A.B. asks: 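I'd like to ask you about the structure that follows.
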Amino acid sequence: MIEARNLSKKFGDFVAVGDVSLRVNAGAVMALLGPNGAGKTTTVRMLSGILVPTSGQAIIAGLDVVKHAQEVRRRVGVLAEVPGLYLRSTAREYLSFFGEVYGLAAAQRRQRIGDLLAQFEMLDMIDRRLSEFSKGMKQKLALIRCLLPDPEVLLLDEPTSAMDPQSARLVRNTITQLRSDRRSIILCTHNLPEAEMMADHIAIIRRGQIVVEGSPSELKTRLLGRPLMEVHFARSLNGVLPQLQARLEVESSGDKWLRYRTDNPVGDNPPLLYWLAEQKIEVVTLSEVPRSLEEVYLRVVGQPVEV
Amino acid sequence: MVAIATLPRSNISWWRGVTILMRRELRDTLRDWRMVLPIVLLTLVFPLIMTFTATAAQDFVARYGTPLIGERLIPFLLMIVGFFPISFSLVIALEAFVGERERKSLEPLLATPLTNGQLYLGKMLASIVPALLAAYLGISVYLLGLLIFQNWHPPLTLLVLVVALTTTEAIVMVSGAVVISTQATSVRAANLLASFIIIPMALLVQAESVIMFWAAYDVLWGIVVGLIVVDLILVRMGLSLFNREELLGREIDHLNPKGFIRKIRSYWASAEPGGLGQRFSLIRMYRVHIPAALRRLRGATLAVMAALIVGTLAAMLVVGQLKLPPDLLATVREGFTNLRADSFSASAFTSILPTANQNLFLAILKNNAGSLLLGGLLSMFSFGALGIVMLLVAVAPIGLLAPIVGMAGLNPLTFLFAFIVPHGILELPAAVIATAAAVRIGAALVSRQPKLTVGEGWLLAVIDFVKVFVFVVLPLLAVAALIEAYITPQVVCWVYHCG
């Protein structure tokens with residue numbers, strides 16, 4: 001589990017992170033979103049025991065990041081924005097070094113390296129120098145390094161940014177698997193569709209402070225209004241529209257369609273369909289109008305900052 | 001809470017962590033032909049050239065009947081053959097941290113469970129091991145060549161001396177370079193800062209060369225001891241300065257005079273770093289600032305007092321064991337019995353205090369304050385050591401004179417009571433406090449203050465020195481000087497019945 005309470009970090013007079021509180025349970029993924037320089041990397045570095053918070057407290061896997069920094073580092077897998085590999089090493093040497101540092105026994109290390117390279121379809125590259133790797137391969141290898149000691153907590157900064165779609169899917173599947181293995185994961189990304197797809201919880205950080213957080217659907221409701229439903233009919237709505245307007249909060253309509261808002265699609269939509277069937281109005285489709293996390297993000301980040 | 005199943009991991013031992021890192025770094029170094037080629041050349045080719053040079057030079061000087069020069073040339077070249085390969089350790093060490101930072105590979109390393117000490121030592125050993133192995137191999141090749149072509153082999157003590165010099169010099173260069181590498185923002189900046197290592201080392205090697213030609217091997221052993229002390233200080237300094245946070249956080253070091261001045265003002269205006277700054281008030285200075293500064297000086301004060309006691313006792317012990325000529329002791333005795341009131345007139349001091357004639361009080365004050373200030377200045381460049389040396393030099397005469405007075409048949413305690421205690425009771429504490437503050441300035445570079453950067457810790461130590469010097473030491477020295485100029489002579493005359 002990851003828990004931060006009023007975590008702050010100052011560099012001189014500059015407040016990089018101010019009063020950040022967050023909680024990621026075991027088996028949950030939090031996406032930490034925010035513009036460049038918002039404080040995501042500093043937060044991750046504090047949570048991984050690399051930077052010491054100026055104030056506040058962070059608990060990782062039950063350990064305080066300041067008091068037990070070394071033990072925290074043992075339990076956290078950190079993927080930095082830049083892979084940062086030793087280019088003169090081979091993949092085997094590179095991963096062996098980190099495996100040794102994390103205290104994996106030789107046989108276990110060999111097995112784990114082989115398994116992870118195979119999982120990421122890189123086993124054939126095991127004895128190749130890292131200088132020969134493509135950007136995406138370097139990023140996959142950095143992710144393998146981070147997964148090698150099988151950490152309880154993963155802090156992943158842009159894990160798929162340099163990858164082709166196939167590799168990105170591999171990584172996403174891995175993250176899903178890790179979530180079901182009860183790992184706590186923080187995902188820093190600018191890839192909003194990916195964040196929406198992967199995260200149970202979203203936190204948007206701006207100027208060092210978390211400005212909004214919640215599940216993707218909560219954030220959409222809070223910032224974009226209630227879910228908007230769209231119904232398409234087989235025939236014209238002649239004469240039925242006033243009755244529908246009486247039943248629903250209609251936002252707009254056309255000859256064969258209408259849009260309405262609802263707090264409770266599960267409770268409101270089935271009776272509506274039943275009523276329409278009684279009225280002999282054939283429904284072609286009923287669906288929620290898609291609203292992206294991007295809209296939420298832009299609404300939050302685009303707002304002027306109170307200084 | 002449900003336990004999370006993870007791979008079984010064992011805690012690696014502290015030393016194993018160091019060796020794992022060292023091995024990786026060594027492998028990286030040995031894969032870089034730009035490192036390997038010069039090391040091979042300096043290890044194998046250069047010693048062979050030196051063997052040839054030594055042989056040719058010895059033959060040449062022998063023709064002119066000066067074989068001594070040739071004989072001295074061989075040990076000198078032995079030293080040089082050992083020194084050249086270790087110069088490469090500097091390049092590797094300078095790159096150790098800042099190079100990784102530039103290549104962005106540092107963060108994954110810092111995120112591992114390796115401790116700061118393991119990271120520092122692993123990098124340091126990885127820089128030093130190839131260079132030292134190359135140096136030892138170079139020395140072996142050179143000696144083998146001499147054995148084959150000249151049938152010459154060195155005395156064991158000379159060989160051990162050269163190996164000791166080579167090793168301690170390598171550690172000085174590498175530990176210094178690693179310190180630079182942890183503090184620099186780029187490899188370029190690290191290379192520029194390396195002048196602070198290269199120039200002193202070049203001067204040292206030149207001096208060693210001259211000493212080697214004089215065959216003054218005892219002096220070279222003294223240098224080895226000095227280098228070991230510097231090694232220990234630099235390694236301690238490196239461990240103290242090594243900081244994950246600063247390694248990652250420092251992007252560009254730009255000159256910030258405004259920030260520097262702001263920091264000075266803040267430390268001057270508040271008793272504790274980060275405290276609220278207030279307008280200057282003499283009462284607050286004595287009630288809050290000085291006690292806070294003296295609290296910070298506690299450790300240094302104890303160290304200075306310990307050095308003072310040990311130094312004085314050692315001086316007394318050494319002099320006590322001397323057999324002084326009876327006529328010297330008679331002169332001392334006579335001096336005390338013939339004391340006159342004008343023995344303490346201002347003109348009597350002019351040989352040691354040139355301005356004493358104008359104002360004895362001011363001359364004494366200027367002398368004492370000047371020597372303590374000089375101690376502070378020298379401390380900055382010697383990690384505090386020269387500050388203590390300055391104090392010991394000033395106090396040593398007491399330790400030397402008291403036993404001599406005793407040997408002359410006079411009571412040394414009476415001597416101390418009459419000559420030292422009246423003003424010393426203030427002067428000595430002032431000197432100890434000033435020296436402790438000076439030591440702290442030097443030590444700030446070796447021992448980091450909690451929650452402060454090295455620079456901030458150093459600046460705080462300087463400001464503390466200024467506060468303590470101006471508001472405690474100077475007043476104490478002034479009163480002590482007054483006593484020394486006008487009261488101590490009276491006490492001496494009273495005790496020794498001046499004529």
Side-chain angles (χ1 to χ4, degrees), chain A residues 1 9 11-13 16 26-27 41-42 45 48-52 54 61-62 69-89 93-94 96-105 108-109 112 129 142 145-146 148-153 155 181-184, chain B residues 1-13 16-21 23-25 27-33 35 100-119 122 243-251 256 259 262-263 266 274 450-451 453 456:
Chain A
M1 193 186 73
K9 181 70 195 174
F11 295 107
D13 297 332
T41 303
T42 304
R45 283 176 178 174
S48 57
I50 300 177
L51 294 185
V52 180
T54 310
Q70 192 185 2
E71 197 49 44
V72 165
R73 288 197 295 270
R74 200 186 300 282
R75 288 156 186 252
V76 176
V78 186
L79 178 70
E81 197 177 349
V82 181
L85 309 179
Y86 299 126
L87 299 182
R88 288 198 191 98
S89 302
E93 288 165 349
Y94 181 76
S96 278
F97 165 68
F98 280 95
E100 269 190 276
V101 165
Y102 280 92
L104 298 183
Q108 189 186 28
R109 205 163 58 228
R112 181 88 176 139
R129 290 276 166 90
R145 175 200 68 219
C146 160
L148 191 64
D150 195 18
E152 287 114 296
V153 168
L155 306 172
D181 289 343
R182 297 183 52 74
R183 302 294 182 264
S184 307
Chain B
M1 188 191 284
V2 182
I4 297 168
T6 59
L7 277 180
R9 282 166 267 166
S10 55
N11 283 346
I12 53 170
S13 70
R16 175 136 176 75
V18 173
T19 52
I20 292 169
L21 179 60
R23 268 192 288 124
R24 198 216 72 76
E25 298 279 327
R27 196 170 49 216
D28 233 32
T29 301
L30 295 176
R31 279 186 181 158
D32 188 347
W33 68 267
M35 289 290 177
E100 273 218 43
R101 216 169 73 105
E102 277 194 345
R103 291 190 297 275
K104 309 273 183 198
S105 58
L106 190 59
E107 188 165 354
L109 186 64
L110 297 184
T112 64
L114 291 176
T115 62
N116 288 353
Q118 286 172 314
L119 288 172
N243 181 310
R244 282 176 146 82
E245 180 152 339
E246 284 185 21
L247 272 174
L248 271 185
R250 192 182 289 116
E251 295 297 336
N256 184 3
R262 206 167 45 235
K263 196 65 93 183
S266 144
K451 296 193 173 180
T453 65
E456 287 169 342

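In what follows, chains are A, B, ... by sequence order, proteins preceding strands, each numbered from 1. In this text, all values refer to a predicted model and were calculated from it rather than measured experimentally.
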A.B. asks: Between the main-chain N or O of L110(B) and the side-chain N or O of R244(B), is there a donor-acceptor pair closer than 3.5 Å?
C.D. replies: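 Yes; at least one donor-acceptor contact below 3.5 Å.
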
A.B. asks: In terms of heavy-atom proximity below 4.5 Å to chain B, should E93(A) be classed as side chain, backbone, both, or neither?
C.D. replies: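 Both parts, backbone and side chain.
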
A.B. asks: Under 4.5 Å between any side-chain heavy atoms of P113(B) and V101(A), yes or no?
C.D. replies: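 Yes, at least one pair of side-chain atoms sits under 4.5 Å.
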
A.B. asks: Run the ring-centre check on F98(A) versus Y94(A) and record whether the distance is less than 6.0 Å.
C.D. replies: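 Centroid separation for F98(A) and Y94(A): below 6.0 Å.
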
A.B. asks: With a 4.5 angstrom heavy-atom cut-off, is it the side chain or the backbone of L85(A) that approaches chain B, or both, or neither?
C.D. replies: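 The backbone, not the side chain.
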
A.B. asks: What part of R31(B) is in contact with chain A, defined as an atom under 4.5 angstrom from a non-hydrogen atom: side chain, backbone, both or neither?
C.D. replies: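 The answer is both parts of R31(B).
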
A.B. asks: Determine, for E71(A) against R74(A), whether the closest basic-nitrogen to carboxylate-oxygen distance falls under 4.0 angstrom.
C.D. replies: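 R74(A) and E71(A): salt-bridged.
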
A.B. asks: Which one of P149(A), A80(A), G49(A) has the most heavy-atom pairs closer than 4.5 Å to chain B?
C.D. replies: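 Ranked by heavy-atom pairs under 4.5 Å with chain B, first place is P149(A).
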
A.B. asks: Check whether V78(A) gets within reach of chain B through its side chain, its backbone, both or neither, counting any heavy atom under 4.5 Å.
C.D. replies: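 Side chain only.
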
A.B. asks: Could you tell me whether R182(A) and E152(A) have a side-chain N and a carboxylate O separated by less than 4.0 Å?
C.D. replies: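 Not counted as a salt bridge, because no side-chain N and carboxylate O are separated by less than 4.0 Å.
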
A.B. asks: Whether R23(B) and E100(A) form a salt bridge (side-chain N of Lys/Arg under 4.0 Å from carboxylate O of Asp/Glu) is what I want to check.
C.D. replies: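 Salt bridge: yes.
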
A.B. asks: What part of E456(B) is in contact with chain A, defined as an atom under 4.5 angstrom from a non-hydrogen atom: side chain, backbone, both or neither?
C.D. replies: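 The answer is neither part of E456(B).
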
A.B. asks: Checking heavy atoms, do the side chain of L21(B), its backbone, both or neither come under 4.5 Å from chain A?
C.D. replies: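 The answer is both parts of L21(B).
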
